[in-house]
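Just below is one structure, and these are the notes that go with it.
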Amino acid sequence: KERQKEKSMIELHSEEVLIQRDLTRDRSSIDKSFTLTLPKEPFTKISGASKSMVEITHQNDNELNEQYIARNANLKKRSMKISNEGSLPTLSEIQGNVLEIAMNQSGSRTLQRFVEKANQFEIEEILNEILPNLSEIIRDDYANYMFQTICLRATPRMRLSILKAIAGDLVQLAMHKKGTHSLQALISAINTENEAVIFLTIISNNITNLSNDHHGTYFIQKIILCFSPKLVRALLEIILNNFENIVCNQYGVCVIKAIINKYCSISSSEQSYIITKMVENIDSLIQDPYGNYAVKQILDVPLFSNLEM
């Protein structure tokens with residue numbers, strides 16, 4: 001009778017109970033209400049076999065946690081050791097661990113200082129070690145700064161190795177928030193026509209997508225700024241063939257303005273191409289929320305404003 005009475009009381013109790021639970025996530029307290037549905041049947045006891053399995057699972061989790069903590073502690077200790085502000089590590093001290101060290105904030109700073117002082121042999125040894133993981137490094141919050149430092153010290157042959165290693169990922173890297181900065185550093189360092197031609201060949205089929213991308217637009221603008229007018233001409237032809245699509249985009253219009261600035265001080269056939277495209281689309285451009293900035297830009301340039309449109 002007592003069990004039957006207890007069972008009846010449970011069934012009469014509401015199956016849904018509103019409870020409040022504090023959840024801590026990313027260092028902020030979030031108050032969240034949710035509904036907990038109680039089972040109609042009483043909870044059963046965990047069997048001996050199930051209990052053993054639970055204990056084994058907890059034991060495995062604890063072992064994994066201990067291994068993770070130990071690994072991070074060793075990495076932190078090694079990074080702190082080599083990041084002593086009073087001295088730089090030797091090549092032998094960092095070889096074999098460059099990737100791990102570079103992805104640590106203090107370790108990345110140390111490697112940047114090391115590369116700044118290193119000779120060409122040491123830089124090449126570091127570069128050869130990270131080439132298989134270069135795309136990962138370029139996207140990393142800390143390691144990308146080390147990569148940028150390497151770009152500034154690398155020889156043309158080293159930069160060609162970099163281009164070869166990232167060729168398949170270059171477009172995606174250019175549209176990444178960290179990757180675009182890394183690649184802009186590489187563009188600034190390029191000083192041979194062979195490197196520039198290879199660079200442009202890799203991205204030639206993705207100029208429009210890059211121009212209209214939030215991060216990719218800065219990548220294209222950097223190319224326009226740093227490469228010679230002769231090399232930029234190949235880029236210009238692709239851009240003008242997709243002129244309306246690019247100029248009417250909030251990011252693409254910045255590329256068009258960079259093109260206008262590139263040729264504002266020289267008289268060339270490129271100016272005629274730009275003027276022709278502007279005239280062909282003038283009615284839609286002056287009414288477009290982004291295209292009108294291109295019209296204003298070209299009218300503000302003395303050399304262009306003197307031409308008849």
Just checking, any donor-acceptor pair under 3.5 angstrom between side chains of [X] and [Y]?
{"X": "Gln184", "Y": "Ser188", "value": "no"}
{"X": "Glu129", "Y": "Gln95", "value": "no"}
{"X": "Asp141", "Y": "Gln105", "value": "no"}
{"X": "Thr276", "Y": "Glu280", "value": "no"}

**Message:** Tell me every residue that passes side chain to side chain contact (heavy atoms under 4.5 Å, CB included) with Asp140, counting only those two or more places apart in sequence or in another chain.
**Reply:** Met103, Tyr142, Ala143
**Complete:** Sorted by chain and number, sequence neighbours left out, side chain to side chain contact (heavy atoms under 4.5 Å, CB included) with Thr192 holds for Pro156, Asn194, Glu195
Do [X] and [Y] share a hydrophobic cluster (ILVMFWY, side-chain heavy atoms under 4.5 Å, transitive)?
{"X": "Ile166", "Y": "Val197", "result": "yes"}
{"X": "Leu225", "Y": "Ile259", "result": "no"}
{"X": "Ile130", "Y": "Tyr145", "result": "no"}
{"X": "Ile224", "Y": "Tyr218", "result": "no"}
{"X": "Leu91", "Y": "Met158", "result": "yes"}

**Message:** Taking the six-membered ring for Trp, are Tyr251 and Phe219 closer than 6.0 Å centroid to centroid?
**Reply:** no
Rounded to the nearest 0.5 Å, what separation is found between the [atom1] atom of [X] and the [atom2] atom of [Y]?
{"X": "Leu183", "Y": "Leu173", "atom1": "CG", "atom2": "CG", "answer": "5.5 Å"}
{"X": "Asn212", "Y": "Met175", "atom1": "CG", "atom2": "CE", "answer": "11.0 Å"}
{"X": "Glu193", "Y": "Ser228", "atom1": "CD", "atom2": "OG", "answer": "6.5 Å"}
{"X": "Leu111", "Y": "Thr149", "atom1": "CG", "atom2": "OG1", "answer": "9.5 Å"}
{"X": "Asp288", "Y": "Asp283", "atom1": "CG", "atom2": "CG", "answer": "12.5 Å"}
{"X": "Ile239", "Y": "Arg233", "atom1": "CD1", "atom2": "CZ", "answer": "13.5 Å"}

Over all atoms of both residues, closest heavy-atom pair of [X] and [Y]:
{"X": "Gln221", "Y": "Cys254", "value": "NE2-CB, 3.4 Å"}
{"X": "Pro229", "Y": "Lys262", "value": "N-CE, 4.0 Å"}
{"X": "Ala174", "Y": "Thr180", "value": "O-CB, 3.3 Å"}
{"X": "Arg153", "Y": "Glu116", "value": "NH1-O, 2.9 Å"}
{"X": "Leu240", "Y": "Ile274", "value": "CD1-N, 4.3 Å"}
{"X": "Pro89", "Y": "Thr110", "value": "CD-CG2, 3.6 Å"}

Donor-acceptor pair, side chain of [X] and main chain of [Y], under 3.5 angstrom:
{"X": "Ser211", "Y": "Ile207", "value": "yes"}
{"X": "Gln112", "Y": "Ser108", "value": "yes"}
{"X": "Thr217", "Y": "Asp213", "value": "no"}
{"X": "Asn281", "Y": "Lys277", "value": "yes"}
{"X": "Asp169", "Y": "Gln172", "value": "no"}
{"X": "Asn242", "Y": "Asn245", "value": "no"}

**Request:** Using the side-chain contact (heavy atoms from CB on, under 4.5 Å) rule, take Cys151 and Arg159 through it: C-alpha gap first, then chi angles, then the decisive distance, then the call.
**Result:** CA-CA 7 Å; Cys151 289; Arg159 290 194 295 269; 5.7 Å; no
**Item:** Audit row: Arg157, Glu124, side-chain contact (heavy atoms from CB on, under 4.5 Å) steps and yes/no
**Value:** CA-CA 10 Å; Arg157 184 169 58 83; Glu124 189 163 12; 2.8 Å; yes
Taking the side chain as every heavy atom from C-beta outward, state whether [X] and [Y] have any pair of such atoms under 4.5 Å apart.
{"X": "Gln287", "Y": "Asn292", "result": "no"}
{"X": "Asn209", "Y": "Val171", "result": "no"}
{"X": "Lys164", "Y": "Leu160", "result": "no"}
{"X": "Lys178", "Y": "Ile138", "result": "no"}
{"X": "Val98", "Y": "Met146", "result": "yes"}
{"X": "Asn144", "Y": "Ile137", "result": "no"}
{"X": "Val247", "Y": "Tyr290", "result": "no"}
{"X": "Ile203", "Y": "Ile220", "result": "yes"}

**Message:** If you count every heavy atom of other residues, nucleotides or ligands that lies below 6.0 Å from Glu125 atom CD, does the total exceed 12?
**Reply:** yes
**Message:** Please evaluate residues Ile256 and Tyr293 with respect to the criterion side-chain contact (heavy atoms from CB on, under 4.5 Å), reporting the C-alpha separation (whole Å), side-chain torsions for both, the decisive distance (0.1 Å), and the verdict.
**Reply:** CA-CA 10 Å; Ile256 299 298; Tyr293 289 104; over 6 Å; no
**Request:** Go through the steps for Ile101 and Asn104 under the test side-chain contact (heavy atoms from CB on, under 4.5 Å), then give the verdict.
**Result:** CA-CA 5 Å; Ile101 296 171; Asn104 174 277; 5.8 Å; no
